[in-house]
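Per chain, numbering begins at 1; letters A, B, ... match sequence-line order. Note that this is a predicted model, so its numbers are computed, not measured.
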There are 2 protein chains.
Amino acid sequence: MSDPRSDPRQDILACACDLYLSRGLDGFSMRGLAKAVGVTAPALYRHYDGREAVLAAVMRQAYRAFTSYIYRALEAPTPLERLSRAGEGYLDFALEHPRWYAIMFSGPERLGMTKLPEDIEAMGCAIHQLWIDRVGECMRAGILADGEPLDTSLTMWAHAHGLVQLFHQGHLGKDVQAFRRMFQESGIRLMGGLGNEDFEAQNRGAPREPAARLQTTR
Amino acid sequence: MSDPRSDPRQDILACACDLYLSRGLDGFSMRGLAKAVGVTAPALYRHYDGREAVLAAVMRQAYRAFTSYIYRALEAPTPLERLSRAGEGYLDFALEHPRWYAIMFSGPERLGMTKLPEDIEAMGCAIHQLWIDRVGECMRAGILADGEPLDTSLTMWAHAHGLVQLFHQGHLGKDVQAFRRMFQESGIRLMGGLGNEDFEAQNRGAPREPAARLQTTR
DNA sequence: GTCTATAATCCGATAGAC
DNA sequence: GTCTATCGGATTATAGAC
């Protein structure tokens with residue numbers, strides 16, 4: 001209530017995001033944050049329980065940003081375009097906001113938490129579900145090979161995350177445009193399969209129980 | 001020379017590895033290391049230039065261990081088995097030594113270095129080359145689809161690294177056995193391709209210039 | 001709600017005696 | 001080659017006055 005223009009929690013959060021995005025996780029301290037906000041460190045504790053709580057709020061922002069990138073997919077008219085746009089959103093977010101990407105996928109303990117706050121985990125589930133839905137409708141449309149959408153989406157996720165991770169850590173050069181090409185070409189290989197033509201014949205009929213249900217956290 | 005049993009550098013390195021493996025990168029300090037070795041902190045500086053130098057030595061050990069896992073592949077008699085064994089070695093190492101895996105794939109700046117020591121980078125290249133060779137011989141043997149071995153190996157690497165990373169950060173549950181199954185099944189999907197049967201027909205003849213040569217660092 | 005002051009730790013690294 | 005002592009800095013977090 002009152003003047004939302006000067007909500008202290010909001011000011012702190014905004015500065016916290018700036019600070020994290022510019023200095024990274026290691027360079028993120030309560031003292032530095034206080035300086036950025038323009039108050040002294042103890043004042044922060046009136047609004048947040050401590051460093052961990054602030055970082056959780058920052059992470060929440062990261063999830064919100066990521067969500068906005070992914071949800072663009074729903075505006076496209078066909079299943080294939082929706083899947084494709086979701087993939088573009090994923091890559092755009094990863095490349096435009098590497099620090100946010102990093103905080104989302106770093107384990108909770110790296111942030112000093114034992115587990116993620118529930119609401120954040122819920123956002124992760126929603127994103128994951130949207131992705132699974134896109135895969136599922138592409139299967140029904142005959143664009144993706146039949147299978148369990150969860151399984152297929154895991155393979156796609158791992159492939160994308162692996163590439164992004166390797167690039168961010170400097171193992172694939174520094175040229176963003178070159179990386180985008182690599183990403184796209186690798187995606188085509190993933191769709192077509194790395195095995196030779198008869199690989200399918202050998203393995204398509206393999207033990208195809210609904211696959212020991214893999215409990216994914218997100 | 002003299003009594004190798006009490007080479008101080010070796011003692012320090014051994015303790016440094018234990019310390020890193022048990023406490024992680026954040027919990028790794030010169031003071032803690034000194035306590036573990038049984039000396040005081042300044043003594044360490046007689047043998048190593050500082051924290052960065054010690055960490056480089058630890059990382060060197062990680063590369064050596066990784067190399068020993070990967071080189072097992074060469075003992076197998078056929079191209080497919082060699083490729084397969086290399087993959088198993090990769091996964092075994094990642095699951096049995098998550099901290100070593102982590103230090104190898106974290107960017108140099110996270111360790112306080114601007115770039116990796118040359119000898120370590122060379123070990124990385126050797127491993128990478130071995131992997132490319134395995135892929136190449138499988139292509140020639142008609143097991144993998146034709147293509148640039150470097151490209152194909154990148155896709156496989158990204159897929160494997162992505163899965164491992166997601167698992168280590170807790171996004172895929174905690175059950176190692178379940179993860180191994182996921183890893184294997186996802187690998188099969190990667191080989192067979194995620195697209196439906198005619199995907200290949202549509203894309204196999206696509207712009208197939210040797211692909212803007214992607215300069216990989218490793 | 002914000003301040004000053006401070007507790008209690010931790011860190012990397014160095015000087016100089018032995 | 002190792003020690004003591006120390007510099008100079010960082011951090012999270014709290015107590016208590018205003």
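- For D/dT2, neither phosphate oxygen OP1 nor OP2 lies less than 4.0 angstrom from any side-chain nitrogen or oxygen of B/Thr40.
- Rounded to an integer number of Å, the gap from A/Tyr48 OH to C/dT2 C1' is 17 Å.
- Using modelled atom types, one finds a donor on one side chain and an acceptor on the other under 3.5 Å when comparing B/His159 with B/Ser186.
- Spacing between atom CG of A/Leu44 and atom P of C/dT2 amounts to 9 Å, rounded to whole angstrom units.
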Per-nucleotide protein contact string for nucleotides 11-18 of chain C, where B marks a base within reach and S marks sugar-phosphate only (heavy atoms under 4.0 Å, - for neither): BBBB----
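- Side-chain atoms of B/Gln61 and B/Arg64 form a donor-acceptor pair, as typed in the model, at a separation below 3.5 Å.
- When the shell of 6.0 Å around CZ of A/Arg23 is examined, it contains 12 or fewer heavy atoms from other residues, nucleotides or ligands.
- In this model, no donor atom of one side chain and acceptor atom of the other lie less than 3.5 Å apart for B/Ser84 and B/Glu81.
- In this structure, B/Gln10 atom CD and D/dG1 atom P are separated by 15 Å, rounded to whole Å.
- Side chain to side chain, A/Glu88 and A/Tyr69 fail the donor-acceptor criterion of an N or O pair below 3.5 Å.
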Side-chain donor-acceptor distances from residues 36-54 of chain A under 3.5 Å, at least two apart:
unit_1	atom_1	unit_2	atom_2	d
A/Tyr48	OH	A/Arg9	O	3.3
A/Arg51	NH1	A/Phe28	O	2.4

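- D/dT2 atom C1' lies 17 Å from atom NZ of B/Lys35, rounded to whole Å.
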